[in-house]
Amino acid sequence: MQSYTKGILLFLLCMTLLSCKKGDEEMATIADNNAIISYTVPKGLLYPEVPVDNLPTKNRIELGKMLFFDPILSRDSSVSCSSCHLPDKFFADNLIVSVGVDGRTGTRNAPSLINVAYQPNMFWDGGNPNLEQQVLGPIDNHDELDFDANLIVEKLKKHTKYPLLFLKAYNTEPSVFAFTRAIACYERSLIQANSRYDDYIQNGNKSALTDSELRGETLFFSEEGECFHCHQGALFTDFSFRNNGLYEQYADSGRARITQNLSDIGKFKVPTLRNVEMTAPYMHDGSLNTLEDVVNHYNSGGVAHPNKSPIILRLNLSSEQKTDLVNFLKSLTDK
Amino acid sequence: MKNLYIITIAIIASVAVSACKKNESDPAPIIPTQTLVLRMTPKIGADTLDFASTHITANNERYTLSSFRYYMSNISLIKNDGTEEALTGKVFLINPNTSDYSLGNVPAGTYNTIKFSVGLNNELNHGDPTKYPVSNPLAIQSPGIHWSWNSGYIFMMMEGTCDTTDTNVDVLTYGQYSHDLFYHIGTDALLKDVQVSNAPITILPGVNKVVQIHSNINQLFVGVDLKTENRSHTMGSMPLATKIANNIPSMFTIE
């Protein structure tokens with residue numbers, strides 16, 4: 001039955017193309033757009049790991065992009081992925097916690113999706129293994145899209161455009177497999193590293209950073225500032241789970257919710273610092289409003305917690321040093 | 001002396017090889033097989049499960065149900081002599097809309113125990129649910145029975161309402177069943193092995209066999225105070241989830 005439907009759709013696709021004057025050209029375009037392509041990776045970043053069942057093609061990225069911006073994924077067609085991951089806000093939303101269907105709010109701050117291709121696991125607690133399966137997370141969550149993956153498939157099958165796009169991209173009718181892959185394929189393409197800091201470090205443009213930013217950089221990568229122990233490498237994160245001494249009692253147990261280990265209470269994944277200037281507020285719960293607040297938090301050493309990372313200690317930075325650090329962080333904003 | 005050893009070993013080896021060959025040429029004994037179907041019947045005490053009535057636990061606590069589903073996997077049959085017939089690859093999502101689950105062809109004989117797991121082994125539990133065809137019980141279900149926030153399946157999902165009021169005190173709310181009741185039991189640690197051996201299963205050649213297995217839902221509430229212990233997503237309430245999961249093996253009896 002499935003292959004029968006597929007056959008009919010293929011037939012319709014052919015008819016559509018034949019009936020078009022430029023049929024041959026369009027067929028050639030579809031074939032071209034089905035060629036496996038490479039994600040564009042800027043200097044300084046490695047090519048990300050891509051699952052073999054979801055290698056990028058233009059058709060797949062295009063379909064994923066369309067789905068990403070389509071509220072068809074939410075129960076009442078009111079919210080899309082892009083409602084909380086806004087392109088003009090570096091694919092975050094500048095809210096403390098995001099707003100889902102019926103105006104419901106969650107408990108965690110929406111992260112930027114720039115360079116999400118490099119995440120070894122998903123969510124603040126790492127509870128989901130990869131971008132493809134992550135797509136199910138917000139659909140299931142009652143405070144986000146609050147819908148049902150199979151019902152989404154039913155809607156996609158009845159849609160005027162999607163069946164053809166799925167056929168082109170994944171050679172199948174709309175399915176949970178294909179729509180989760182398409183969205184992941186698009187999200188993986190959001191690779192970016194063209195900040196002033198990149199200009200400085202990759203192109204050797206010594207005038208790209210101000211004196212204050214350079215002092216901030218030195219402090220960031222020194223034992224005095226300690227930042228680099230967790231925020232390291234080209235993405236400014238080691239992807240570890242750490243308790244940074246935010247609370248004595250955590251309302252959200254973080255990594256412990258996944259592992260059930262008491263020693264993981266209050267641990268959250270170290271976030272990237274790229275574009276951090278533009279993705280306020282900060283911390284897993286959006287509780288710190290500004291970069292100055294964040295620097296002050298780390299300068300204070302945070303509050304006592306048995307799981308607090310031992311490298312988070314009072315720093316005694318001067319106000320000039322704090323300004324330098326904040327300025328350096330602002331040099332990590334992409335153009 | 002050394003040569004004698006070699007000759008001896010060579011003789012033993014050739015005898016062993018020829019013995020093997022002889023065994024291989026013997027036709028394997030043909031054991032007749034027959035279709036075996038499990039008829040899974042959820043019960044509450046003596047009553048058949050239904051989603052319209054109100055139910056009472058052994059502690060006289062009142063509840064209703066709207067959902068009761070669980071994964072059954074790792075199924076095997078054990079004979080009196082201890083030999084085990086593993087029915088590999090069979091995974092069922094037991095749900096009230098389906099009563100019969102076919103195990104396919106099983107060698108005829110008398111089995112004194114049926115063994116299975118409620119839940120899924122580590123490999124299945126953490127597989128990608130989007131990769132299964134829609135008809136597979138491990139595919140994404142509606143309503144869902146998979147956690148995407150802590151990737152893994154819900155092994156047993158029970159949902160309904162309960163009456164947490166005290167008969168003599170809360171006159172107004174008594175009998176309202178206004179409190180959610182849900183147990184979503186999962187995680188690798190709570191995979192439960194079940195052995196049911198209260199009656200033998202005899203499979204005769206040429207006769208399709210249906211084995212009826214009761215699951216007594218009230219058994220889940222043993223040692224549970226429904227007034228306070230009525231919600232668990234497993235994570236976040238591990239002690240309650242563990243208590244419920246530990247009650248699973250004693251739910252089952254062969255009719």
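Please read these numbers as outputs of a predicted model, since none were measured by experiment. Below, chain A is the first sequence line, B the second, and so on; all start at residue 1.
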Practice problem: Write down the atom of Gly137(A), the atom of Ser148(B), and the distance for their closest heavy-atom approach. | Solution: CA-OG, 3.3 Å

Quiz item: Relative to chain B, which of Leu151(A), Ile139(A), Val153(A), Leu136(A) shows the most heavy atom pairs under 4.5 Å?
Solution: Leu136(A)

Quiz prompt | Trp149(B) versus Phe123(A), closest heavy-atom pair with distance | solution = CA-CE1, 4.0 Å

Quiz prompt | Engaged part of Asp53(A) at the chain B interface, taking heavy atoms whose separation is under 4.5 Å | solution = side chain

Exercise. Can you establish whether the number of heavy atoms outside Lys65(A) located under 6.0 Å from its atom NZ is more than 12?
Key: no

Self-check item: Per-residue contact mode, Ser253(A) against chain B (heavy atom under 4.5 angstrom)
Solution: neither

Practice problem: Report the distance from atom CZ of Arg257(A) to atom CE of Met235(B), rounding to the nearest 0.5 Å. | Solution: 7.5 Å

Quiz prompt | Nearest heavy atoms of Asn128(A) and Ser151(B), plus distance in Å | solution = ND2-OG, 3.8 Å

Quiz item: More than 12 non-hydrogen atoms from neighbouring residues, nucleotides or ligands closer than 6.0 Å to CD1 on Ile61(A), yes or no?
Solution: yes

Exercise. Assess whether atom CD1 of Ile36(A) is packed by more than 12 heavy atoms of other residues, nucleotides or ligands within 6.0 Å.
Key: yes

Quiz item: Side chain, backbone, both or neither: which part of Phe177(A) has a heavy atom under 4.5 Å from chain B?
Solution: both

Exercise. Heavy atoms only: give me the nearest Asn150(A)-Ile140(B) pair and the separation to one decimal.
Key: ND2-O, 2.8 Å

Quiz item: For atom NZ of Lys43(B), is the number of surrounding heavy atoms from other residues, nucleotides or ligands below 6.0 Å larger than 12?
Solution: yes

Quiz item: Can you name the residues of residues 115-133 of chain B that have some heavy atom under 4.5 Å away from a heavy atom in chain A?
Solution: Gly127(B), Asp128(B), Pro129(B), Thr130(B), Lys131(B)

